[in-house]
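Notes follow the structure.
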Amino acid sequence: QGQLVESGGGAVQSGGSLRLSCAASWRTFGDYAMGWFRQPPGKEREFVAASSWTGDDTMYGDDDLKGRFTIFRDNAKNTVYLQMNTLKPEDTAVYYCAADTAYYGSKWYTGDVEVWGQGTLVTVSS
C-alpha cells in the first residue's frame, strides 16, 4: 500500500472556509474510493464524506455535512479534496483522509477502510 498525505488544515474563524487536500502515492488511484473522517477533541472518530472511484457518486456522514462540505477528486493528480464552507466551532477536529477499494456497503460508515493518512488539524474559532 502507498501513502496518503493530507494538507490544508489550519485555523479559521466561524463562518469561514477551508479546503483540505489528500495526495495518494500509488498509481492506481482510480481503483480506490476516497474519503474523509474526523476526530474532534475528546470524541470518537466520525465519517465525513466519501467519493466513488470516478467521483460521480458521493456520500456524507449527515445532512449537515452534506450541506456545507463537498468532496471531489482529480484522478489525474491522484488527489482528493474536501471543501468545507460555513465552518462551525464544532467542526474543530483532526481530519483524516482514507482510501478503500470498496465504496458501497458499510465500510465507510464503520471506518473499516484500508488506508489512512496521518491527519491534519482544523481549528474553528467562534
**Request:** Evaluate the side chain to side chain contact (heavy atoms under 4.5 Å, CB included) criterion for residues Gln39 and Tyr96: first the C-alpha distance (whole Å), next the side-chain angles of each, then the deciding distance (0.1 Å), finally the verdict.
**Result:** CA-CA 8 Å; Gln39 186 164 18; Tyr96 296 92; 4.3 Å; yes
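Counting only heavy atoms from C-beta outward, the side chains of Cys97 and Val80 approach each other to under 4.5 Å. Proximity of Met84 to Tyr95: side-chain heavy atoms (C-beta onward) are separated by under 4.5 Å at one or more points. Side-chain contact check for Phe69 versus Asn85: every heavy-atom pair is 4.5 Å or farther apart.
With sequence neighbours excluded, no residue satisfies side-chain hydrogen bond (donor to acceptor under 3.5 Å, both in side chains) with Thr86.
Note on Val12: it clusters hydrophobically with Leu20, by side-chain heavy-atom contacts below 4.5 Å among ILVMFWY residues. Hydrophobic clustering (side-chain heavy atoms under 4.5 Å, transitive across Ile, Leu, Val, Met, Phe, Trp, Tyr) keeps Trp53 apart from Phe72. The hydrophobic clustering, which links ILVMFWY residues whose side-chain heavy atoms are closer than 4.5 Å, places Leu4 and Phe29 together. Tyr81 and Tyr103 fall into different hydrophobic clusters, where Ile, Leu, Val, Met, Phe, Trp and Tyr are joined by side-chain heavy atoms under 4.5 Å apart, directly or via other members.
Residues Tyr109 and Phe47 bring their aromatic ring centres within 6.0 Å. Aromatic pair Tyr32/Trp26: centroids less than 6.0 angstrom apart.
A pairwise comparison of heavy atoms in Gln83 and Arg19 identifies OE1-NE, 2.7 Å as the closest pair. Heavy atoms only, all atoms of each residue included: Leu82 and Val48 are closest at CD2-CG1, 4.1 Å.
Counting only distance, with no hydrogens or angles, the side chain of Glu6 and the backbone of Gln118 share a donor-acceptor pair below 3.5 Å. Put simply, the side chain of Tyr60 gets close to the backbone of Ile71: a donor and an acceptor are under 3.5 Å apart. Counting only distance, with no hydrogens or angles, the side chain of Thr123 and the backbone of Ala11 share no donor-acceptor pair below 3.5 Å.
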